Amino acid sequence: MVELAPSPVVQSAEIPLKPESKRENFVRAYRWMLLARTLDEKLAALYKAGGKISGGVFLGTGQEALSTALGVALRKGDVFAPLIRDLAGRLAFGEPVLDATRTYLGSRLGPMRGRDGNIHRGRIAEGQMAMISHLGAMISTTAGVLLARRMRGQTGTVGAISIGDGATSTGSTHEGLNTAAVEHLPLVAVIANNQYAYSTPTSRQFACEDLLDRAKGYGYEGHSVDGTDLEACLEVLQRAVDRAREGHGPQMVVARLLRLTGHGLHDDASYVDPKLKASPVGADCLRLAEKTLLERRWAEAKDLASWKAECVKEVDEAAAQAMRDPAPDPKLEDWSALNEPEMLDLGLATRG
Amino acid sequence: MVELAPSPVVQSAEIPLKPESKRENFVRAYRWMLLARTLDEKLAALYKAGGKISGGVFLGTGQEALSTALGVALRKGDVFAPLIRDLAGRLAFGEPVLDATRTYLGSRLGPMRGRDGNIHRGRIAEGQMAMISHLGAMISTTAGVLLARRMRGQTGTVGAISIGDGATSTGSTHEGLNTAAVEHLPLVAVIANNQYAYSTPTSRQFACEDLLDRAKGYGYEGHSVDGTDLEACLEVLQRAVDRAREGHGPQMVVARLLRLTGHGLHDDASYVDPKLKASPVGADCLRLAEKTLLERRWAEAKDLASWKAECVKEVDEAAAQAMRDPAPDPKLEDWSALNEPEMLDLGLATRG
Amino acid sequence: MATTYLEAIRAAQAKALQDDERVFIYGQDVGAFGGAFKATKGLAAAHPGRVMDSPISEDASIGLAIGASIEGLRPIVEMQFADFSSVAFSQIVNQAATQFYRTGVPCPMVVRLPSGGTPGGGPFHSQCMEAIYAHYPGLVVMTPATVEDAYHLLLAAVELEDPVIYCEHKFLYNHLKAERLPEKSDLPPNKARVARRGRDATVVTYSAMLHEALTAAGDLSREGWEIEVVDLRVVKPIDTETILESVSRTGRMLAVGESAPWGGVTAEVVARVAADGFRFLDAPPRRLACKDTPVPYHPNLWAAHRPNAAEIARVLREVLRF
Amino acid sequence: MATTYLEAIRAAQAKALQDDERVFIYGQDVGAFGGAFKATKGLAAAHPGRVMDSPISEDASIGLAIGASIEGLRPIVEMQFADFSSVAFSQIVNQAATQFYRTGVPCPMVVRLPSGGTPGGGPFHSQCMEAIYAHYPGLVVMTPATVEDAYHLLLAAVELEDPVIYCEHKFLYNHLKAERLPEKSDLPPNKARVARRGRDATVVTYSAMLHEALTAAGDLSREGWEIEVVDLRVVKPIDTETILESVSRTGRMLAVGESAPWGGVTAEVVARVAADGFRFLDAPPRRLACKDTPVPYHPNLWAAHRPNAAEIARVLREVLRF
Ligand SMILES: Cc1ncc(C[n+]2csc(CCOP(=O)(O)OP(=O)(O)O)c2C)c(N)n1
Ligand SMILES: Cc1ncc(C[n+]2csc(CCOP(=O)(O)OP(=O)(O)O)c2C)c(N)n1
Ligand SMILES: [Mg+2]
Ligand SMILES: [Mg+2]
């Protein structure tokens, strides 16, 4: 996908959009969504083929509009702590496709060097946080990055964190959200309410009418959005990111959508309520975006086809590259969890 | 204080109060407050005398109206997880004065047998939870008691938990409050916003305008109350407890007041903003209640004096008793943390 | 039809629900879905209202179980992975573990921890936390290595009047099979098992490492060595008696565990043998643990990170030749 | 004027703030109030904006420090009591400890844990958690026993490119005094100290127990025994070399720690000595820990719960007479 210019949305934060740029914006976002969907499909195929991918594969199917909208609303230099369904947002924020394929396919050359896997990848120097599994943990960590920047006098930066409806129940999420508010940090907390946490419906997760009701209780500005609607997502996420950047303190975005896949690929999601699937919340944001593109004549069917072909090509190349890469070699590892073992390690040799 | 009949407020949950019972109610509550204040004063004197009390002493000064109101609104058979400033509520809920003096003064005969101290005391069989220090931990535990009762078909029971403004920041509080809501349990969560958590003002604790804003986000019915006003407290706490008992799910009460003492007796609280002290929030609920009693002719000065004398007598006797009690003796301890050590313990004898 | 280790865990829970109306199960996705690993499959349907999905709130889940326990019920809490019990750590070690000592009111409950490494599991889905919980007074920590023990220890855990941390090993879930589940255990829960008789050295181990040790013992027997293998079954309290009895006959010992090398069960076992069985020892007691890093994700690295049969055999040869 | 252990901790933080602009302090009541124990007294005024009160959110406080650390700052987080770090356990062991290994980005930060028992402290204000954190790969765990070490190890902790759990003992805060704080430490942070030279047996210990051990050694010297006392200073990594060197001369050893008897530093030390110093041992290596219950509140019980000089002397006599 080298043809794409660097995300122009950076400017959109400063200059109101002209009608042309609205189209440009939408098309660009759509193409990130398409790339993410294509990569997810590839990973699914590789996983199902067996033997190529170790560990779980967690797809973002149905959440690409929301995730992309966040990714494009952020600028280079911002910080982004994605969660498991944020492939689209990662790509839009600047993560190379090769980082994903390398991590999933066990290349030694991926950002985690085989030490951690799959969705846990990140590049801290690029502001791409490398999540730990414990849901909510990355919120305070992202707040810490923002606090450090403020202490050093660096301004204009935004941090974004992404969580699901289920993760709202963790103590870590609560403490992280609250701490960011106390520090009045430019944090954007995006909650993808995709109706399930693994198999657990929201009725077993919280008892409020709308998760957005929590915004006030934390002292966040709140934004609601239909997560199936790319246009709405682009607008709302941009607004939230802008508000944070302009110093209005932390922002909470709650999106309604449905997870259109199992929790992971091992899960057939047979427990998902068919009524939800049939309802508007169950719509596929990618298909809706395509409909919009065609209806508004922002693209023709052949454009869609050729963009898809480009995505397939990029993804296939990245997968092929990752498979040619060397695997991690235990003999090349230093097997130290400390950065300065030489300074401290005297005889921690209880292995054999 | 044996003269006091068992709290008649049990009935008030069923029968609307007649004007006479309003007075009775107020007087009874005032006398619990007075007893708590008297006991707190005694403990403070003993602590300052030195050598008599080990560990910290945390007073409820200024929070007696709120705490008492909760204690009297509960019935025998309910569950109450008090926090550090709830001496008044404990007494009103049925804790003997001797439990407090024995625990503070290191008697072996106290409910904790010297194994845990002071504010950590409790009698689980009486529904008096024995708190651990970790703020928020008792919320889910109280929810668990309520859940167990419901599973066994026991109805009509209410559980109450008490926390401070500072404790709202813990993950444990969040998880506990949310879990109770998901289970729609008859829990009453009383938040005493006394403006400080140790030395930390609320501005460093949360960024919402009012902690009550959190009620909606958790799906609680919310109640606000002026914690300096006994009458208001009696009314609001009774309403909250009634609503929970009648099946309306968890209730949140947020009280405004000021901690009129140090965090513990070791703390002179010199950091407390003098403006707050001078403001209505800084009023002493006990003095206000006395004013009301006199103004309404519900009592005369000599009644107050004689009630006080009774309290002093009861407290002095309990303190004297506790001091005559034997201290814990390590030789009489079995030094086992397991209930069935004999079943499992084979050779855990690494001591010497 | 053979029963797997995982099926044994499910069967034990089914029996506990059946036999004891105080029992209930609580945890993420344990209800209709049957749990992330299917350890509670079918139980919600068979016991309506007694197998409940929790929010993603491990701290509150343990707190809730403590409350239910002191109120007379017998909760079994499933953690989705042992690793996530870290956010319930305070409730486990500070409240559940201290309840009986502080108040005199027992706190019987079982916390099931799907533990241990599998290829691709990575740093947050592979942890062994038995040593963490064993360090705290007031907890019993079980680490079944066999299908039979998975079943009988879990039943014993439910019956015990104390909080039990039950560490079930994910690597064994479907790998390990038994012909049938015996009605009764051949051993009470407080005894270690001599899993293989030997003469020349003793390996003390537990959980998945038992099988690596047995393989190593098999390999060494072809070299003429007879290795005795002791399966601890329960790591707190530890059955020191059985260990010492074994070492008194073999004179040599190696402790093997999958968790981190600083501390852990291996340190505890070696320290006990050194203190109480010094006179039996003909060679230094040794330890084998995983490497001192987080559990790596990639299967190549994972395989090198954990102890395995070849390495156990290698160290045993050193012990034997001392 | 003499400096206390607590003042040394404050002085080290003052110096770190002064010398390194990346340093900041974060924790409950550490700002204007100066901390529950006054370990940060005056620092907020001297360094505006760099000593910050946190909400009561230990998990978020550690998470925040991790974020600031990977962004290039050097946070010092004060836990009000070590016991409350239990609610930040996951962030410490799962995020701070794994950060460098997983990402290659170092995570230098210091978590100060006011640790250990005092009369009346009770189960939740007395814990020693060094063994819990030492078990996890990726952390350095310091346990200063002297005023000088309180100062120099804290400065070393701030400089180190790894996360450090700094266990300061509350019992020593005001009891322990030194004439002056030397400019430089006589030892690098990776070396244990021979705190007392001896010939007949070695006590390996750390933190507050050092002083009990020294008292015991003094008492035994009046009986004609010369006890060597090794102060570990840092319990992860452990300086095995110094321990073995000592045991090679004395032939006997006792490990003493204040924390719980299952596992802990004492198990790790005995296991190392047994494995690597077996040939030096003339008697079984022994351990002494607290009793296997929560730390009791009442001073009578507390005094019997922890090891003390008399008991150390008693066990040492057994070791000596073996
Ligand atoms: C503290 C914690 N407990 C349990 C898990 C296991 N887990 C991983 S994802 C998940 C469900 C998350 O649901 P949600 O937050 O709604 O995100 P979604 O998968 O729907 O995108 C669970 C329970 C975890 N990662 N962390
Ligand atoms: C998890 C946790 N962290 C820290 C503490 C130490 N601590 C005890 S009371 C307290 C302040 C509590 O403030 P608040 O909740 O407002 O109650 P108040 O004292 O004002 O009644 C703190 C920080 C604790 N008990 N638990
Ligand atoms: Mg979800
Ligand atoms: Mg307060």
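Residue numbering restarts at 1 for every chain, and letters A, B, ... go by the order of the sequence lines. Everything quoted here is computed from the prediction, not taken from an experiment. Heavy-atom basis, side chains included; hydrogens, waters and symmetry copies ignored.
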Check: Should the ring pair A/Y218 and A/H174 be called parallel, tilted or perpendicular, given that the plane angle runs from 0 to 90° and is split at 30 and 60?
Finding: tilted
Margin query: So that I can tick it off, tell me whether D/R74 and D/E159 are bridged by a salt bridge, with the cut-off set at under 4.0 angstrom between side-chain N and carboxylate O.
Written below: no
Item checked: Side-chain donor/acceptor of D/T40 to backbone N/O of D/L43, under 3.5 Å -> no
Notebook entry, point to check: A/L147 versus chain D, heavy atoms under 4.5 Å apart: side chain, backbone, both or neither?
Noted result: side chain
Margin query: Is A/S336 in contact with chain D via its backbone, its side chain, both, or neither, using a 4.5 Å heavy-atom distance?
Written below: backbone
Item checked: Exercise: identify the closest heavy-atom pair between A/P111 and A/T103 -> CD-OG1, 3.6 Å
Item checked: A/R108 and A/D325 ion-paired at < 4.0 Å -> no
Check: Given the options A/A180, A/A130, A/G136, which has more heavy-atom pairs under 4.5 Å with chain D than any of the others?
Finding: A/A130
Margin query: If we ignore hydrogens and angles and just use 3.5 Å, is the side chain of A/D78 paired with the main-chain N or O of A/R75 as donor and acceptor?
Written below: yes
Check: Side chain, backbone, both or neither: which part of A/M151 has a heavy atom under 4.5 Å from chain D?
Finding: side chain
Next item on the list: Could you tell me which portion of D/P55 (side chain, backbone, both or neither) has an atom closer than 4.5 angstrom to a non-hydrogen atom of chain A?
Entry: side chain
Notebook entry, point to check: Can you list the steps and then say if A/E333 with A/R113 is a salt bridge (Lys or Arg N to Asp or Glu O under 4.0 Å)?
Noted result: CA-CA 10 Å; A/E333 290 287 306; A/R113 298 161 295 163; over 6 Å; no
Next item on the list: Considering only heavy atoms and a distance below 4.5 Å, find which of D/A271, D/A65, D/S90, D/P163 pairs most often with chain A.
Entry: D/S90
Item checked: Criterion ring-ring contact (aromatic ring centres under 6.0 Å, His included) on A/F58 and A/Y198, from CA distance to verdict -> CA-CA 11 Å; A/F58 301 86; A/Y198 209 150; 8.2 Å; no
Notebook entry, point to check: Under a 4.5 Å heavy-atom cut-off, does chain A meet the side chain of D/Q95, its backbone, both or neither?
Noted result: both
Next item on the list: Between chain D and each of A/D334, A/I139, A/V145, count heavy-atom pairs under 4.5 Å; write down the option with the most.
Entry: A/V145
Next item on the list: Examine whether an atom of D/L244 lies under 4.5 Å from a heavy atom of chain A, and if so say whether it belongs to the side chain, the backbone or both; otherwise answer neither.
Entry: neither
Note to self: Please check: side-chain N/O of A/T179 versus main-chain N/O of A/G176, any donor-acceptor pairing under 3.5 Å?
What the structure shows: no
Next item on the list: May I ask you to say whether A/R90 pairs ionically with A/D99, meaning some side-chain N is under 4.0 Å from a carboxylate O?
Entry: no
Check: Can D/E130 and D/Y206 be counted as having a side-chain donor-acceptor contact under 3.5 angstrom?
Finding: yes
Next item on the list: Give a yes or no answer on whether the side chain of A/E340 reaches the backbone of D/E161 with a donor-acceptor pair at less than 3.5 Å.
Entry: yes
Note to self: Treating D/S86 as the side-chain partner and D/D83 as the backbone partner, does any N or O pair qualify as donor plus acceptor under 3.5 Å?
What the structure shows: yes
Next item on the list: Would you mind telling me which of D/V105, D/N94, D/T103 has the largest number of heavy-atom pairs within less than 4.5 Å of chain A?
Entry: D/N94
Next item on the list: For chain A, find its close neighbours in residues 17-25 of chain D: heavy-atom separation under 4.5 Å, sorted by number, or none.
Entry: D/F24
Note to self: Which residue in the set D/R112, D/E78, D/H47 passes side chain to side chain donor-acceptor pair (under 3.5 Å) when paired with D/Q13?
What the structure shows: D/R112
Next item on the list: Determine whether the aromatic ring centres of D/F89 and D/Y136 lie less than 6.0 Å apart.
Entry: yes
Item checked: Residue A/T142 versus chain D: region with a heavy atom under 4.5 Å -> neither
Margin query: Between A/E175, A/M138, A/H134, who has the most heavy-atom pairs with chain D when the cutoff is under 4.5 Å?
Written below: A/E175
Item checked: Part of residues 116-129 of chain A lying next to chain D, heavy-atom separation under 4.5 Å -> A/D116, A/H120, A/I124, A/M129
